[in-house]
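Letters A, B, ... mirror the listed sequences (proteins, then strands); counts begin at 1. Being a predicted model, the structure only gives us computed values, none of them experimental.
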There are 2 protein chains.
Amino acid sequence: MRLRGEIKRRRIIEAADKLFYQQGYQQTSFTEIAAASSLNRGNFYYYFKTKDDILRAVIQMRYQQLQSMLASWDEEFTDPKERMKHLGYFIQSQEDNLVHYGCPQGTLISELSKEQSSLYSEATELLDVVLKWLEKQFKALDYADKSSIMAMRFLAKIQGISLLANVYRNKEFLQHEICDLLAWLDKV
Amino acid sequence: MRLRGEIKRRRIIEAADKLFYQQGYQQTSFTEIAAASSLNRGNFYYYFKTKDDILRAVIQMRYQQLQSMLASWDEEFTDPKERMKHLGYFIQSQEDNLVHYGCPQGTLISELSKEQSSLYSEATELLDVVLKWLEKQFKALDYADKSSIMAMRFLAKIQGISLLANVYRNKEFLQHEICDLLAWLDKV
DNA sequence: GTCTATACGCCGATAGAC
DNA sequence: GTCTATCGGCGTATAGAC
């Protein structure tokens with residue numbers, strides 16, 4: 001049945017998403033994804049032909065989730081600074097995941113960057129969608145041609161904080177530095 | 001002969017160091033390291049019993065290189081700010097490697113953080129040695145109990161800049177943001 | 001659509017001749 | 001110290017019965 005197939009497909013993607021995040025892409029095997037989604041290894045190939053196909057689907061799902069989250073803040077708030085602050089609040093709410101596994105976008109791209117994979121460029125779009133959104137907010141704050149560098153800088157701060165919070169498993173640092181980042185946002 | 005053995009061992013470590021950096025640890029096989037160091041795969045095990053042993057040796061070599069670099073700046077300059085600036089200059093000089101493969105310390109630890117490896121804690125010492133050095137410099141600048149957070153912040157900035165420069169293969173961003181970081185250092 | 005059985009290669013690692 | 005030969009296991013992926 002069509003519907004049930006879609007549900008199973010979805011379940012595979014969600015299991016893979018979680019495992020890729022927690023263990024890394026290379027480190028995660030077909031067998032593990034199948035087990036996590038309670039699916040037989042053989043049947044697996046009915047839904048996805050290669051491991052790269054699964055990653056592609058995971059990237060696409062993450063992309064859409066990111067985009068709809070950013071869009072919801074655009075709708076809910078009119079002040080660009082308020083919108084960007086909500087990105088900070090969201091990061092703070094993810095402290096458990098962040099200190100254990102790092103930034104879902106940053107760590108994935110960083111991993112793919114080391115192998116010669118065509119998926120690397122697809123994965124960079126996960127950071128790009130955030131970058132473009134930040135740029136749009138800074139443009140709305142009349143940063144004009146400075147918007148691009150401000151967006152990059154904002155994203156770099158987030159990535160640096162995430163990485164150190166991850167390496168040292170330090171939630172306090174994460175919370176404190178994101179607060180600091182939001183204060184910086186008020187000043188600029 | 002003892003000496004020749006040490007030379008070969010060294011050659012293996014250097015080949016592994018390069019490959020682990022450029023391809024990642026998981027992604028690099030024994031065969032590749034053997035080929036890169038012009039050594040027979042079988043003979044390989046005379047020098048290292050397991051792949052983890054090689055990584056351990058690589059970490060140790062990187063650790064000593066880092067430490068001696070930092071120590072040389074301590075000797076050469078008396079002003080702590082001047083010392084820390086040289087870390088920035090060094091990063092700028094590494095632009096080619098950084099945009100292609102990211103920070104050698106950050107990317108390795110980030111990768112190991114995703115597997116349940118005892119080597120993770122050994123690898124964190126590669127960032128720790130820099131962190132402690134930075135802390136010492138900030139202490140010399142009378143930051144007292146603020147030294148620790150300042151060192152973390154400095155390191156986070158570097159990691160964020162490195163990651164974005166790597167993801168977007170952007171040397172201009174790297175150069176510009178490190179300049180900005182050094183300017184920040186003058187102000188604080 | 002689901003399952004079993006299995007191909008095939010590369011992985012890290014070992015044994016043992018020289 | 002150096003080499004050849006090879007093991008056992010797990011990786012992705014496939015063929016084909018049901």
Between B:D128 and A:Y168, is any side-chain donor less than 3.5 angstrom from a side-chain acceptor?
-> yes
Figure out the CD/P separation between A:E32 and D:dC10, and round it to whole Å.
-> 12 Å
Do A:K51's NZ or CZ and the ring of A:Y25 fall within the cation-pi criteria of under 6.0 Å and 45°?
-> yes
Side chains of A:E115 and B:Q23, donor plus acceptor under 3.5 Å = no
Using the six-membered ring wherever Trp is involved, compare the ring planes of A:Y45 and A:F30 and label them parallel, tilted or perpendicular (cut-offs 30° and 60°).
-> parallel
Atom-pair distance (CZ on B:F48; P on D:dG1), nearest Å = 13 Å
Under 4.0 Å between any heavy atoms, over every strand shown, what does B:Y47 touch: base, sugar-phosphate, or nothing? Just pick one.
-> sugar-phosphate
Nucleotide C:dT2, atom P - distance to CD1 of A:I12 in whole Å = 9 Å
Length of the line joining B:Q27:CD and C:dC10:P, which is rounded to integer Å | 14 Å
Should the pair B:R10-B:E6 be classified as a salt bridge under the 4.0 Å nitrogen-to-oxygen rule?
-> no
Interatomic distance where CD1 belongs to B:I7 and C1' belongs to D:dG1 [whole Å] | 14 Å
So does B:S29 get a side-chain nitrogen or oxygen closer than 4.0 Å to the phosphate oxygens (OP1/OP2) of C:dC10?
-> no
Over 12 non-hydrogen atoms of neighbours within 6.0 angstrom of NZ in A:K81 = yes
Given D:dT2, is OP1 or OP2 found less than 4.0 Å from the side-chain N or O atoms of B:N43?
-> yes
Whole Å only: how far is the CD atom of B:Q26 from the C1' atom of D:dG11?
-> 13 Å
Between B:I33 (CD1) and C:dC11 (C1'), how many Å, whole number?
-> 12 Å
Quick one: which of D:dT2, D:dT4, C:dG12 gets closest to the side chain of B:Y46?
-> D:dT2
Per the side chain to side chain donor-acceptor pair (under 3.5 Å) rule, which among A:Q26, A:E111, A:K114 passes with B:Q27?
-> A:Q26
Annotated protein contacts, base or backbone, on nucleotides 13-18 of chain D with a non-hydrogen cut-off under 4.0 Å, one of B, S, - each | BB----
Quick one: A:F44 CZ to D:dT12 P, roughly how many Å, whole number?
-> 10 Å
